[in-house]
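Fair warning: this is a prediction, and the values are worked out from it, not measured in the lab.
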Amino acid sequence: RHMKGMGEILKLFLRTLPSLLNVLLIAALFITVFAILGVQIFAGKFASCYDPIADVEVTQIQTRAECLPPNLWLNPPMGDFDNFQSAMMVLFEMIGLEGWPDLMFRGIGATAVGVAPQRDHSKWQALYFIPRV
């Protein structure tokens, strides 16, 4: 009895598979376009100086040249847009609404390559993140 119901579910799934693949293809295209755009806008702009001993961001140090050992110039653990692969991963995580506000605020603070993000540097950059949500 139970196998008959499972067979019906399998048949229904196979019938809807072409429509599901169309939706997945459109979603993948949408993510790819935003990943390319994110790399163009934010590549190298999310990093800042971290103290590995205290495991905190050193906010007093604003440039990569000022970030001397034992401190490290690193991207935040939430992700970055330095390359296509990391941008795709960040956007895939944003689909699940996981941590997107932190990424958006980091993007708003993004200034230049080799310069730490500054709070509310460019609020217009939020326009990149809002359509993704």
Side-chain angles (χ1 to χ4, degrees):
R1 282 186 261 167
H2 299 290
M3 294 306 280
K4 183 178 180 183
M6 193 63 115
E8 292 294 322
I9 290 173
L10 184 60
K11 286 179 189 175
L12 182 61
F13 176 73
L14 291 175
R15 264 194 310 176
T16 59
L17 195 58
S19 298
L20 181 63
L21 290 176
N22 286 338
V23 170
L24 289 175
L25 183 65
I26 291 170
L29 180 65
F30 190 66
I31 293 170
T32 301
V33 168
F34 269 83
I36 293 168
L37 186 61
V39 170
Q40 291 296 313
I41 297 171
F42 300 114
K45 297 179 182 178
F46 274 27
S48 60
C49 192
Y50 283 90
D51 182 351
I53 297 167
D55 196 29
V56 294
E57 184 176 350
V58 183
T59 56
Q60 299 86 356
I61 298 175
Q62 292 298 312
T63 65
R64 186 177 193 144
E66 296 171 353
C67 188
L68 302 173
N71 297 329
L72 303 169
W73 190 259
L74 297 172
N75 281 312
M78 68 186 95
D80 60 76
F81 290 90
D82 287 355
N83 56 53
F84 181 75
Q85 292 84 4
S86 62
M88 289 289 283
M89 182 60 82
V90 166
L91 293 173
F92 183 73
E93 289 175 11
M94 282 178 60
I95 289 172
L97 302 178
E98 184 68 31
W100 77 269
D102 296 331
L103 278 166
M104 181 181 70
F105 290 126
R106 193 70 171 203
I108 290 172
T111 55
V113 176
V115 179
Q118 298 171 0
R119 183 181 173 109
D120 298 334
H121 174 71
S122 176
K123 293 181 181 179
W124 288 103
Q125 292 178 155
L127 293 176
Y128 170 82
F129 295 94
I130 292 174
R132 286 294 317 136
V133 180

- prompt: Do the ring planes of Tyr128 and Phe42 sit parallel (below 30°), tilted (30 to 60°) or perpendicular (above 60°)?
  reply: perpendicular
task: Give a yes or no answer on whether the side chain of Asp82 reaches the backbone of Gly44 with a donor-acceptor pair at less than 3.5 Å.
output: yes
field: Backbone N/O of Gly107 and side chain of Gln125: donor-acceptor pair under 3.5 Å
entry: yes
In the single-linkage hydrophobic clustering (I, L, V, M, F, W, Y; side-chain heavy atoms under 4.5 Å), do [X] and [Y] co-cluster?
X	Y	answer
Met104	Leu97	yes
Phe81	Ile130	yes
Leu103	Met88	yes
Ile41	Trp100	yes
Ile95	Phe30	yes

Validation row: [X], [Y] side chains within 4.5 angstrom (heavy atoms):
X	Y	answer
Leu10	Met6	no
Val113	Arg64	no
Thr32	Phe84	yes
Gln62	Gln118	yes
Ile108	Asp120	yes

[atom1] of [X] to [atom2] of [Y]: how many Å apart, nearest 0.5 Å?
X	Y	atom1	atom2	result
Asn22	Leu17	CG	CG	10.0 Å
Tyr50	Leu74	OH	CG	7.5 Å
Thr59	Asp51	OG1	CG	11.5 Å
Leu14	Ile9	CG	CD1	12.0 Å

[X] and [Y]: which non-hydrogen atoms are nearest, and at how many Å?
X	Y	value
Val90	Gly79	CG2-CA, 3.7 Å
Asp80	Ser86	OD1-OG, 3.0 Å
Phe34	Leu91	C-CD1, 3.6 Å
Lys45	Pro117	O-CG, 3.6 Å
Cys49	Asn71	SG-CB, 3.4 Å

- prompt: Is the number of heavy atoms from other residues, nucleotides or ligands within 6.0 Å of CE (Met89) greater than 12?
  reply: no
message: Looking at Asp55, I want to see if its CG is surrounded by more than 12 non-hydrogen atoms of other residues, nucleotides or ligands under 6.0 Å.
response: no
message: Distance alone, cut at 3.5 Å: any donor-acceptor contact between the side chains of Ser48 and Arg106?
response: yes
task: Check the pair Met78 / Phe46 against side chain to side chain contact (heavy atoms under 4.5 Å, CB included), numbers first and verdict last.
output: CA-CA 10 Å; Met78 68 186 95; Phe46 274 27; 5.7 Å; no
